[in-house]
Amino acid sequence: MRILCYGSLNIDMVFKVPHFVEAGETLSSSSMTRSAGGKGANQAAALAKAGCETYMAGKVGRDGRFLVDILEGFSVDCANVLVTDNPSGQAIIQLSDSNQNAIILLPGENRNIAREEIDSVLAKFSAGDWIVLQNEINLIGYIMEKAAEKGMRICFNPAPFDDTISSLPLSLVDLLIVNEIEGAGLAGCKGSYEEIIGKLSELYPGQEIIMTAGSKGAYYRGREGFIYQPIIDYPVVDTTAAGDTFIGYYLASCIRGLSVKESLYYASKASGIAVSRPGAMQSVPVKDEIFTEEV
Ligand code: RIB
């Protein structure tokens with residue numbers, strides 16, 4: 001089975017700061033590292049490292065060519081990543097002493113994708129293949145409609161959450177994965193995590209829904225009922241791409257034929273290991289580190 005990740009590729013600039021910069025404040029950082037990221041590319045890296053036949057589609061400038069090289073090093077097929085003369089997407093990431101992150105995006109070529117480019121990518125995929133989408137590229141609604149017409153299965157991670165999400169054809173989604181902010185935004189309510197995921201499953205009946213809640217674990221509602229998965233604790237170094245790692249390993253585990261409970265466990269383990277390492281896609285563990293014990 002093939003998995004197409006149609007999404008962002010970003011040059012991440014990670015500034016280590018004592019706390020997030022506040023209004024009117026000028027703050028010195030103790031270090032800055034340039035690394036490979038973008039929610040789309042991170043999820044593609046996680047899927048490939050988990051052992052899936054993974055294809056990346058998107059757009060970068062020549063300044064981001066190294067992102068493609070890194071993904072190819074993880075065995076991601078990048079034939080559908082267009083390289084142009086315009087600037088790539090970038091992310092300025094503040095990483096605080098309390099191991100939180102805050103991200104500012106510059107979309108660059110990620111939001112410069114044309115309908116004809118999408119048509120030509122999707123022509124290579126067929127019914128039963130998965131497509132994995134996030135909210136860092138343009139024309140997501142169009143991609144969802146065209147992929148659903150072909151009978152592809154859709155995994156959607158509405159990150160970052162904004163006003164455009166509610167106008168997307170979300171009824172076409174098979175697997176919806178949100179964090180607590182995206183979950184509350186989509187559900188249109190505040191409340192306990194159980195209440196939010198309950199509301200989401202009322203709004204999107206028949207879908208598999210997962211809400212990750214950082215150190216509070218992950219919640220599932222879908223064909224296997226309600227399942228809670230606590231985090232699997234590792235020392236925290238850098239939380240960037242924790243959610244992306246979770247998504248890649250959850251879907252990869254389901255595709256291996258594992259149950260939801262098992263898939264949640266392995267996704268949490270992979271995400272825990274990713275936060276114990278610096279960087280985004282580079283921090284994602286490989287499958288031999290994950291599928292080592294029975295759940
Ligand atoms: O999810 C983490 C990612 O979000 C970073 O790699 C950054 O590029 C932003 O897209």
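For the numbers below, each heavy atom of this structure counts, side chains included, while hydrogens, waters and symmetry mates do not. In each ligand, atom 1 is the first atom listed, and ligand 1 is the first ligand listed.
The closest protein non-hydrogen atom to atom 4 (O) of ligand 1 is Lys39 NZ, 3.1 Å. In terms of protein heavy atoms, atom 3 (C) of ligand 1 is closest to Asn42 ND2, 3.6 Å. Nearest protein neighbour of atom 9 (C) of ligand 1, counting heavy atoms only, is Glu136 OE2, 3.5 Å. Nearest protein heavy-atom neighbour of atom 5 (C) of ligand 1: Asp12 OD2, 3.4 Å. Summary of contacts: the protein heavy atom closest to atom 1 (O) of ligand 1 is Asp244 OD2, 2.7 Å.
Against a heavy-atom cut-off of under 4.0 Å, Ile103 is close to the following atoms of ligand 1: 4 (O). Shown in contact with Ala280 at under 4.0 Å from a heavy atom are these atoms of ligand 1, numbered in order with element: 6 (O). Heavy-atom proximity to Gly37, at under 4.0 Å, picks out these atoms of ligand 1: 6 (O), 8 (O). Applying the 4.0 Å criterion to heavy atoms of Gly38 picks out, from ligand 1, the atoms 5 (C), 6 (O), 7 (C), 8 (O), 10 (O).
Rounding to the nearest 0.5 Å places CG of Leu71 at 10.5 Å from CZ of Phe66.
Between the side chains of Ser35 and Thr33, no donor-acceptor pair of N or O atoms lies under 3.5 Å. At a cut-off of 3.5 Å, with distance as the only test, a side-chain donor of Asn80 or Lys124 sits close to an acceptor on the other residue.
In this structure, Tyr228 has its ring center at least 6.0 angstrom away from the ring center of Tyr193.
Only one option out of Leu47, Leu175, Leu4 pairs with Trp130 in a side chain to side chain contact (heavy atoms under 4.5 Å, CB included); it is Leu175.
When atom types are taken as modelled, the side chain of Thr164 and the backbone of Asp162 share no donor-acceptor pair closer than 3.5 angstrom.
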